[in-house]
Amino acid sequence: MTDTRNAAPFARRFAFGRVLPASFYARDTALVARELLGTVLVNDSSDGRASGMIVETEAYVGEHDGACHAAAGLTNRTAPLYGAPGSAYVYLIYGLHWCLNAVTQPVGVPGAVLLRALEPLEGIDVMLNRRGAARLTPNLTNGPGKLCAAMAIDRNQNSTSLVSGSVRIHRGHVFDDDQVVVTPRIGIRKAADWPLRYFVRDNAWVSRTPAAFPARRYSEL
DNA sequence: TCGAAGATTGTCT
DNA sequence: GACAATCTTCGAG
């Protein structure tokens, strides 16, 4: 059932559990971002199931966070950020790439976790087709736009439930604090030095970290 | 109605 | 490393 023949070594001995409940998301955004590492994103779509372990996230923590879309307040675009914890916030960036966020905090309190990179588990062939790739390399899913393309996520998933929809997040591997690295977020200008990006140490599927970025282990915070 | 900005990526040098 | 692609959103006038 689980197609991990071409996956990375870690994925070949990996099994995942139940869907994360809404209560998982209705907490502090930074904590959710850290704890999403090791969980499994699954999409059952018409061309097949694809799944992957989340290995990189960023927290966008509310209206006081200049880099968070909610800094603009409640608008048509940002409404999902104020919605139910455990729902998806999907938006188009630069007119080209979709980005998937998991909405956090109780209803009415904006916050979200951007999913930046996955380690593929199931549906490798489906993901390769979607990305127009010939073989499995980290380039398949090591960025938020690439992740969405490989997982067939676009505006149709905006505001849908990650608890009961076709796109879901399951419990997976729990990484020790010592295995988690924290750096500033990538590609933003406002609040650019806030340490709210989390990724799995020494994992090949994580996107690149700029050389000048300070990096600390989560266990050292 | 118009203009500018943007949580990125792929290609070219 | 630089740069173009592409389009939605929102604020200003």
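For the numbers below, each heavy atom of this structure counts, side chains included, while hydrogens, waters and symmetry mates do not. Throughout, protein chains are lettered first and strands after them, A, B, ... in sequence-line order, and every chain is numbered starting at 1.
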Checklist entry - Given atom CZ of R116(A) and atom P of dT9(B), what is their separation to the nearest angstrom? => result 7 Å
Checklist entry - So what does R131(A) hit on the nucleic acid, given a heavy-atom distance under 4.0 Å: a base, only sugar-phosphate, or nothing? => result sugar-phosphate
Checklist entry - How close or far is atom P of dT8(B) from atom CZ of R185(A), stated in whole angstroms? => result 11 Å
Checklist outcome for this item: Residues in residues 60-72 of chain A with a heavy atom under 4.0 Å of DNA chain B, by number, are Y60(A), A67(A), H69(A)
Checklist entry - Y218(A) ring centre to R216(A) NZ or CZ under 6.0 Å, with the angle to the axis within 45°? => result no
Checklist entry - Pick from I169(A), V200(A), V40(A): which one makes a side-chain contact (heavy atoms from CB on, under 4.5 Å) with I54(A)? => result I169(A)
Next on the checklist: Does anything in residues 144-151 of chain A come within less than 4.0 Å of DNA chain B? Heavy atoms only, and list the residues if so.
Outcome noted: P144(A), G145(A), K146(A)
Checklist entry - Do you see a donor-acceptor pair shorter than 3.5 Å between the side chains of R34(A) and T29(A)? => result no
Side-chain atoms of residues 191-199 of chain A: list all donor-acceptor pairs with protein atoms under 3.5 Å, sequence neighbours left out, distances to 0.1 Å.
{"residue": "R197(A)", "atom": "NE", "partner": "E56(A)", "partner atom": "OE2", "Å": "2.8"}
{"residue": "R197(A)", "atom": "NH1", "partner": "T183(A)", "partner atom": "OG1", "Å": "3.0"}
{"residue": "R197(A)", "atom": "NH1", "partner": "T209(A)", "partner atom": "OG1", "Å": "2.9"}
{"residue": "R197(A)", "atom": "NH2", "partner": "E56(A)", "partner atom": "OE2", "Å": "3.0"}
{"residue": "R197(A)", "atom": "NH2", "partner": "S207(A)", "partner atom": "O", "Å": "3.3"}
{"residue": "R197(A)", "atom": "NH2", "partner": "T209(A)", "partner atom": "OG1", "Å": "3.2"}

Next on the checklist: Applying side-chain hydrogen bond (donor to acceptor under 3.5 Å, both in side chains) to Y82(A) and E63(A), what does each step give before you reach the verdict?
Outcome noted: CA-CA 10 Å; Y82(A) 293 77; E63(A) 294 175 342; 2.5 Å; yes
Checklist entry - Nearest-Å distance, CZ (R130(A)) to C1' (dT9(B))? => result 19 Å
Checklist entry - Expressed in angstrom and rounded to an integer, what is the separation of N142(A) atom CG from dG10(B) atom C1'? => result 12 Å
Item to check | Enclosure of N76(A) CG (heavy-atom neighbours >12, cutoff 6.0 Å) | outcome: no
What side-chain donor-acceptor pairs closer than 3.5 Å can you find for residues 140-155 of chain A, not counting sequence neighbours?
{"residue": "T141(A)", "atom": "OG1", "partner": "L118(A)", "partner atom": "O", "Å": "2.7"}
{"residue": "N142(A)", "atom": "OD1", "partner": "K146(A)", "partner atom": "NZ", "Å": "2.8"}
{"residue": "K146(A)", "atom": "NZ", "partner": "N139(A)", "partner atom": "OD1", "Å": "2.9"}
{"residue": "D154(A)", "atom": "OD1", "partner": "N156(A)", "partner atom": "N", "Å": "2.9"}
{"residue": "D154(A)", "atom": "OD1", "partner": "N156(A)", "partner atom": "ND2", "Å": "3.1"}

Next on the checklist: In whole Å, I'd like the distance from the CG atom of N101(A) to the P atom of dA7(B).
Outcome noted: 11 Å
Next on the checklist: Do V55(A) and L115(A) land in one hydrophobic cluster if side-chain heavy atoms of ILVMFWY residues count as linked below 4.5 Å?
Outcome noted: yes
Checklist entry - Distance from R116(A) atom CZ to N101(A) atom CG, nearest 0.5 Å? => result 11.0 Å
Next on the checklist: Whole angstroms only, please: what is the CD-C1' distance between E58(A) and dG6(B)?
Outcome noted: 14 Å
Check: protein-nucleotides 1-8 of chain C nitrogen or oxygen pairs below 3.5 Å:
{"residue": "dT6(C)", "atom": "O2", "partner": "Y94(A)", "partner atom": "O", "Å": "2.0"}

Checklist outcome for this item: dT6(C) -> Watson-Crick or G-U wobble partner, both distances under 3.5 Å, gives none
Checklist outcome for this item: When L36(A), V113(A), L81(A) are each screened for side-chain contact (heavy atoms from CB on, under 4.5 Å) with T104(A), the one that passes is V113(A)
Item to check | Atom-to-atom span, CG of N139(A) to C1' of dG10(B) - whole angstrom | outcome: 9 Å
Checklist entry - Under the ring pair (Phe, Tyr, Trp, His ring centres under 6.0 Å) rule, what pairs show up with a residue in residues 57-80 of chain A, not counting sequence neighbours? => result H69(A)-Y89(A), H69(A)-Y91(A)
Checklist entry - Rounded to the Å, how far apart are R208(A) CZ and dA7(B) C1'? => result 19 Å
